[in-house]
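Order of the sequence lines fixes the chain letters, A, B, ..., with proteins taken first and strands second; residue numbering starts at 1 for each chain.
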Protein chains: 2
Amino acid sequence: MRKRNPPARPQPSLPARQPTMMDVAQLAGVSMKTVSRVVNKEPNVRNEVRERVTRAATALGYQPNFSARSLAGERSFLIGYLFGDPGGDYAHRVEVSILNRCRGAGYHLLVEQLDDAAADVAERTAALVSQLRLDGVILTAPITDNAEVLRVLDEARVPYVRIAPDAESDRSPAVCIDDMRAAQELTEHVIGLGHRRIGFIKGDPKHAAARLRLRGFRRAMSAHKLEVAEQLLEQGSFSYASGLDCARRLLHRRPRPTAIIASNDDMAAAVIAVAHEMGLHVPEELSVVGFDDAPIAQVVWPALTTVRQPIPLMAEAATDMLLARLAPRGGGAWPSPMPRRELDYELKVRQSAAPLGGYRRRGAAGN
Amino acid sequence: MRKRNPPARPQPSLPARQPTMMDVAQLAGVSMKTVSRVVNKEPNVRNEVRERVTRAATALGYQPNFSARSLAGERSFLIGYLFGDPGGDYAHRVEVSILNRCRGAGYHLLVEQLDDAAADVAERTAALVSQLRLDGVILTAPITDNAEVLRVLDEARVPYVRIAPDAESDRSPAVCIDDMRAAQELTEHVIGLGHRRIGFIKGDPKHAAARLRLRGFRRAMSAHKLEVAEQLLEQGSFSYASGLDCARRLLHRRPRPTAIIASNDDMAAAVIAVAHEMGLHVPEELSVVGFDDAPIAQVVWPALTTVRQPIPLMAEAATDMLLARLAPRGGGAWPSPMPRRELDYELKVRQSAAPLGGYRRRGAAGN
DNA sequence: CCCCGCGTTGGCAGCGCTATCATACGCAGG
DNA sequence: CCTGCGTATGATAGCGCTGCCAACGCGGGG
């Protein structure tokens, strides 16, 4: 037990003990309960008292003990972030944005990486939410759609918000972009450049976004009466390595596609690398576009034409939704209908896609 | 308060309440204290009893309440991860590795991003460790050397391990590689290819590694009686953007350097981009090398010759050190002398550096 | 025979806080 | 004058668990 202070402490000097709410109460000349009210920003405290308590707390350097709060009350001031993909920078960018939002709200962030395919996802999730009594959870794909995880969260009655989940959309609040329309628009951009023979690299089918992007591609193609040759469709997994494999296969088809649409930027970058390797010039001989506007999009050469997904905004929106729900006035349930934020994407036209038979633009790679 | 159960509950059916240690104790026919011993893997419990308790706990789906544990005891089973750099994938890779190690040990991970330059680093750190009673903390550069943060951690008596800290090395355990020797070796590799006029892009001087890498470069140069022209030294900040600026300046010097050593891969990739932009062929007309073996190293073309830093191993080693210290037998203090793990780096020779006047190797970009 | 030590188990206070209820007070209306 | 009500504050009982200490049974030395 943490340095149990004896009934009468002989040393009147440095207590070497964190000040408690009791100490603040004594210094301010009020009861503990009033201090609690001030700390929790509850109403019904006179301003004069509130200030006195605040000053006492500051003077003592008082820090509320979250364990005690959580044990006595019904809030832990902890939110969890569950992500699936250990690689890539997506998960990290989301995390940083969540942190930015938690900061001001007095919440702390607990993270856990869950392998979607692992056998113990349910147990691990249960451990997290039951042991720590998380107030809420934010999920990113692909575990947004892991039935086990969602079941555990529902049973534990922990509110959660999903970023880019699958279609089962009214199970929880969600934040997303319109992946299908974005893919459609991107495809139309490529078609508009004159390309007809267009290859497509699919993403990991466990991600809803991968399926939606494929569907958007198909729609744009059929809207323009273009055939989607099955041999120009390759199954990737969102990783750079998978992009290399798919690109090699696609670029050996005859006739060769004049443009390749990849379901994310990592795979698009891999296509460019393979093109280099084969001595194919991008974009003169091959146009390549990606998706996400990940950092890699501006690093490869030529810079990738892609769809920018506003990841920080999405993560912030998700956090804000969750925090609003957790606030005392947030009520004990999600508002109806289930909140859903759909944010705008943006087509970023750079140098990796050009008109069929077009010229090479040399110059600054940035945009 | 969480559903305070009335003295006599009328409904004997679903409790809708998490089972407590008391419930387990009753089912197993022992005292709460014994359950506590089993849960905490303490000695002095008969095997038969231990198994009986374990079965009861499993049957009820018992999950220990971490808040209560932390409040009553002296351990919170929470460790904190403080990172500085919000961009890049370094922080994320470290985090994932820490998580992998925490998993088995029954610890959960709390993260916080601290801006090294912000005015409130001390407060934020204090809030984290005092409010949540973290058992330990892991730090990455550059906040490994933030005096405020370290002071707060020391005062709160929270054990911490630093990854790649500055020279003040016996203040805490640390994990690192020999950045200076690695830079020296890398520089010697470049010199060995015949280069004499070598540019160097420095990293953010707040990072110890940046300073050490520069020193290693200087050593190698002077060991080979080569002058380090100050105009071939540029100050970067580890970011891709800063790399672009530095590269532009370096490549307009006359006579132009025949090789550029960047303090990390992001900046090295930027050098390659600028070279492309200027129509300079890499590596025939310009050799470029980086540091870290970040994912970008294999994505740019030509793939970067660089020094691989074993980030996952470093993070795991740091976590293991911390967990060993926190274990009941870990004692109340760090062993003496202060533990320090220095891990091996590895020179990864790829295609971005070639003999002066050498030929271009075409072929697979990967390695 | 008793007493001590050791391995094993239980009793209980209390960690720091919040929920609930009680109290005190001022002020309007009967 | 009392009653009723709304606002401001206090008293108290735990939340679930662990640290400390006591208790118990057993075997061996005095």
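The interatomic distance linking A:Leu132 (CG) with D:dC17 (C1') rounds to 15 Å, in whole Å. Rounding to whole angstrom units, CZ of residue A:Arg50 and P of D:dT7 are separated by 14 Å. Rounded to whole angstrom, the span from the CD atom of A:Glu74 across to the C1' atom of D:dG14 amounts to 15 Å. Straight-line distance from the CE atom of A:Met21 to the C1' atom of C:dC15: 14 Å, rounded to whole Å. B:Asn47 has its CG atom 15 Å from the P atom of C:dG7, to the nearest Å. Note: NZ (B:Lys33) to P (D:dG16) measures 18 Å, nearest angstrom. Counting to the nearest Å, the P atom of C:dT18 and the CZ atom of A:Phe66 are 10 Å from each other. When the C1' atom of C:dC15 is taken as reference, atom CG of A:Leu71 falls 9 Å away, rounded to whole Å.
Of all nucleotides listed (D:dC17, D:dT18, C:dC17), D:dT18 comes nearest to the side chain of B:Asn40. Comparing C:dA19, D:dT18, D:dG14 against the side chain of B:Met32 picks out D:dT18 as the nearest.
Within 4.0 Å (heavy atoms only), A:Val39 reaches no atom of the nucleic acid at all.
For A:Thr34 and D:dG10, the shortest distance from a side-chain N or O to OP1 or OP2 is below 4.0 Å. In this model, the phosphate group of C:dC17 is not approached by any side-chain N or O of A:Ser36 to a distance below 4.0 Å at OP1 or OP2. Between B:Arg37 and C:dT9, a side-chain N or O to OP1/OP2 separation shorter than 4.0 Å is absent. Close to C:dT8, at under 4.0 Å from its OP1 or OP2, lies a side-chain N or O of B:Asn44. Put simply, B:Arg69 has no side-chain N or O that comes within less than 4.0 Å of OP1 or OP2 on D:dG16. Listed pair A:Ser31 / D:dT9 fails the phosphate criterion, with no side-chain N or O lying under 4.0 Å from OP1 or OP2.
Comparing B:Ala68 and A:Pro43 by the nucleotide of DNA chain D whose heavy atom lies nearest to each, the residue mapping closer to the 5' end is A:Pro43.
The nearest pair of heavy atoms linking A:Arg69 to A:Pro64 is NH1-CB, 3.8 Å.
Not less than 6.0 angstrom separates the ring centroid of B:His92 from the ring centroid of B:Phe83.
Side-chain polar atoms of B:Arg133 and B:Ser70 form no donor-acceptor pair below 3.5 angstrom. Using modelled atom types and a 3.5 Å distance limit, the side chains of A:Glu112 and B:His108 yield no donor-acceptor pair.
A salt bridge does not link A:Asp170 with A:Arg340: every distance from a Lys NZ or Arg NE/NH1/NH2 to an Asp or Glu carboxylate oxygen is 4.0 Å or more.
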